[in-house]
Amino acid sequence: LSASVRQNFSWSNREDLTTGTSSFSGSGNNNLSLSSGITLYNGMKLTNRAEQAKLNLRSSLLNTETIRESVSLSILNAFLQVLFTGEQVKNSGRQVEATTQQLNLAKERLDMKIISMSDYLQVKSQLANEKLSLTNAQNQHAIAKVNLMQLMELPVDNEFMVKEPVMEEMINKNLTPEAQEVYAIALGIKPQVQSAELAKQSAVLDEKIAKAGYLPTLSADAGLSTGYSSFSNEAGYWSEIGNALSPSAGLSLSIPIFQRKQAKSSVALAKISLQNAELDEINTKNQLRKEIEQACLDVVSAQSEFESSKENYQSVMESYALAEEKFKQGLINSVDFLFEKTSQIVAESQLLQSRYNLIFSYKILDFYSGVPIKL
């Protein structure tokens, strides 16, 4: 229910009209009329809706950017997995070659009755285990390549190869990242934060649009009609149309009185949507802060782990080199030698794992700091 007030004006020989809506009609006796109308004021509904549409478009574009960044991180992880599994294949291959030579040496000593059959079989068993490890590493490398190709939407190709970067340039930069500094940078560049802010602004406009339902609407309309009739023969067609023109204009004011609480309900829902948008923005920022804090901690931990793994590997390699020399000279049995060899394999694997963990942690820190992801 609404109350409306209309004021009409009439004049002649008016040429220009500002139109919002127009209509044209004619009657059976050739009466013609042309009318148009425009809304002058409706509580800024149209203006706010246009601004809201712009905000929603920008928010959608930022959501697309968020997805793009997520895919980029997935591709980075898959690429590093390809490099990591490729290194495992190389290491496993070198282990098989070394153990093959040691088995040949053990066979010569067995033929010379320097060692027992038990020692020879232990070396042979070690070679079988290492060949199995090599096969597993090759399978893991193939799976990693398939995952990378699929993430990049490329057809699976057995000839697919990746260019290996220079890893030594990315090893242990001894960084001590400050989470608050990185977070301050991320707040200004991360699309999910900007999207949440735009969503809140859109919710504010939504509340304004809903409150406009309480306000009156002012409209203007204008018309032009002719009373030409084919039953009149006193003047010609064009002459009668010109003489019978009746221009008109009017203003309409519609005041809402009873709306069955529609405006009130719309405002209440808009307020709830605004509160949800504010909570989403807070949650987005908190989630980003937690991720950055974890990323900074991961960098420090990965650097420490890499240094420990490198030190352990160097120590184990020295012990292994000594054990290998003793084994060649027949000073230790195969059990003692294989124990050192197993320790060497484990240390090498730990070093490799820690190196790629360190590289990945650096790239995640770059991601939150606004540094382009590249290797």
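Just so you know, these numbers use all the heavy atoms, side chains as well, and skip hydrogens, waters and symmetry mates. The shown structure was predicted, so the numbers you read here are calculated from the model rather than taken from an experiment.
Ion pairing between K310 and E307 holds under the 4.0 Å rule for side-chain N and carboxylate O. The pair K290-E293 does not meet the salt-bridge criterion, since no charged nitrogen lies less than 4.0 angstrom from a carboxylate oxygen. Using a cutoff of 4.0 Å between basic side-chain nitrogens and carboxylate oxygens, E51 and K45 are not scored as salt-bridged.
Relative to the ring axis of Y362, K173 places its NZ or CZ within 45° and under 6.0 Å from the centre.
Annotation: R289, atom CZ; neighbour count of heavy atoms from other residues, nucleotides and ligands within 6.0 Å is above 12. Environment of CZ in F339: sparse, with no more than 12 heavy atoms of neighbouring residues, nucleotides or ligands closer than 6.0 Å.
Note that NZ of K145 is 8.0 Å distant from CD of E159, once rounded to the nearest 0.5 Å. In this structure, E108 CD and D111 CG are separated by 8.0 Å, a value rounded to the nearest 0.5 Å. Separation of atoms CD1 (I332) and CD (E340) is listed at 7.0 Å; rounding is to 0.5 Å.
For the pair S349 (side chain) and I345 (backbone), a donor-acceptor distance under 3.5 Å is absent. In terms of modelled atom types and a separation under 3.5 Å, the side chain of S304 and the main chain of V300 share no donor-acceptor contact. A donor-acceptor pair under 3.5 Å links the side-chain atoms of S133 to the main chain of N129, judged by distance alone. Between the S334 side chain and the D119 main chain, a donor and an acceptor come within less than 3.5 Å of each other. Distance alone, capped at 3.5 Å, is enough to place a donor-acceptor pair between the N48 side chain and the M44 backbone. Checking side-chain atoms of E348 against main-chain N and O of Y313 turns up no donor-acceptor pair under 3.5 Å. Between the side chain of S92 and the main chain of Q88, a donor-acceptor pair closer than 3.5 Å is present. Side-chain N or O atoms of S315 include none that pairs as donor or acceptor with a backbone N or O of E311 at under 3.5 Å. Although no hydrogens or angles enter the test, the distance criterion places no donor-acceptor pair under 3.5 Å between the side chain of S125 and the main chain of L121.
With contacts defined as side-chain heavy-atom distances shorter than 4.5 Å, the pair N56/Q52 qualifies. Annotation: side chain of Q344 is in contact with side chain of Q95 (closest heavy-atom distance under 4.5 Å). Looking at heavy atoms from C-beta onward, S219 lies in side-chain contact with T217 at the 4.5 angstrom threshold. Looking at heavy atoms from C-beta onward, L288 lies out of side-chain contact with T284 at the 4.5 angstrom threshold. Put simply, the side chain of L274 reaches to within 4.5 Å of the side chain of V204, judged on heavy atoms. Contact check for L83 versus P165: side-chain heavy atoms found under the 4.5 Å cut-off. Between L205 and L55, the closest side-chain pair of non-hydrogen atoms falls below 4.5 Å. In this structure, R355 and L351 have side chains that are not in contact, with every pair of non-hydrogen atoms separated by 4.5 Å or more.
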Could you walk me through whether Q102 and E324 pass side chain to side chain donor-acceptor pair (under 3.5 Å), step by step? CA-CA 9 Å; Q102 292 153 6; E324 186 178 28; 3.3 Å; yes

Pair K341-E130, salt bridge (charged side-chain N to carboxylate O under 4.0 Å, His left out): steps then yes or no: CA-CA 11 Å; K341 185 174 180 61; E130 291 177 2; 3.7 Å; yes

Evaluate the side-chain contact (heavy atoms from CB on, under 4.5 Å) criterion for residues Q81 and N147: first the C-alpha distance (whole Å), next the side-chain angles of each, then the deciding distance (0.1 Å), finally the verdict. CA-CA 9 Å; Q81 283 295 322; N147 290 337; over 6 Å; no

Check against side chain to side chain donor-acceptor pair (under 3.5 Å), Q294 and D298: CA-CA 6 Å; Q294 185 64 50; D298 288 343; 2.9 Å; yes

Applying side chain to side chain donor-acceptor pair (under 3.5 Å) to Q126 and Q122, what does each step give before you reach the verdict? CA-CA 6 Å; Q126 177 70 21; Q122 286 184 2; over 6 Å; no

Start with the C-alpha distance between V123 and F337, add both sets of side-chain angles, then the distance that settles side-chain contact (heavy atoms from CB on, under 4.5 Å), and finish with yes or no. CA-CA 9 Å; V123 177; F337 170 71; 5.6 Å; no

The test is side-chain contact (heavy atoms from CB on, under 4.5 Å); show your working for S252 and L218 and say whether it passes. CA-CA 6 Å; S252 297; L218 178 63; over 6 Å; no

Could you check E281 against K200 for salt bridge (charged side-chain N to carboxylate O under 4.0 Å, His left out), going step by step and ending with a plain yes or no? CA-CA 7 Å; E281 182 185 21; K200 185 181 71 173; 3.1 Å; yes

Candidate pair R68 and E65, rule salt bridge (charged side-chain N to carboxylate O under 4.0 Å, His left out), full reasoning: CA-CA 5 Å; R68 188 191 69 81; E65 179 66 16; 2.6 Å; yes

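Residues satisfying the side chain to side chain donor-acceptor pair (under 3.5 Å) test with T85, not counting sequence neighbours, are H141. With sequence neighbours excluded, the residues that form a side chain to side chain contact (heavy atoms under 4.5 Å, CB included) with M112 are I114. In this view, Q150 satisfies the side chain to side chain donor-acceptor pair (under 3.5 Å) rule with no residue, not counting sequence neighbours. Every residue two or more places apart in sequence or in another chain that forms a ring pair (Phe, Tyr, Trp, His ring centres under 6.0 Å) with Y356 is listed here: F84.
Follow the hydrophobic side-chain contacts under 4.5 Å out from I359 and you reach I373 in the same cluster. Under the 4.5 Å side-chain contact rule for hydrophobic residues, L134 and L103 share a cluster. Grouping the Ile, Leu, Val, Met, Phe, Trp and Tyr side chains by contacts below 4.5 angstrom, directly or via other members, places M161 apart from L80. Both L76 and V162 sit in one connected hydrophobic cluster of ILVMFWY residues. Membership requires side-chain heavy atoms under 4.5 Å apart, directly or through other members. Both F160 and F79 are members of a single hydrophobic cluster when ILVMFWY side chains are connected at heavy-atom separations under 4.5 Å.
Residue pairs meeting the ring-ring contact (aromatic ring centres under 6.0 Å, His included) criterion with at least one partner in residues 276-299, sequence neighbours excluded, are absent.
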Check residues 189-197 and write down every donor-acceptor pair under 3.5 Å in which the side-chain atom is one partner and the other belongs to a residue at least two apart or another chain.
from, atom 1, to, atom 2, distance (Å)
K190, NZ, E69, OE1, 3.3
K190, NZ, E69, OE2, 3.4
K190, NZ, F367, O, 3.1
Q194, NE2, G188, O, 3.3
S195, OG, S59, OG, 3.0
S195, OG, N63, OD1, 2.8

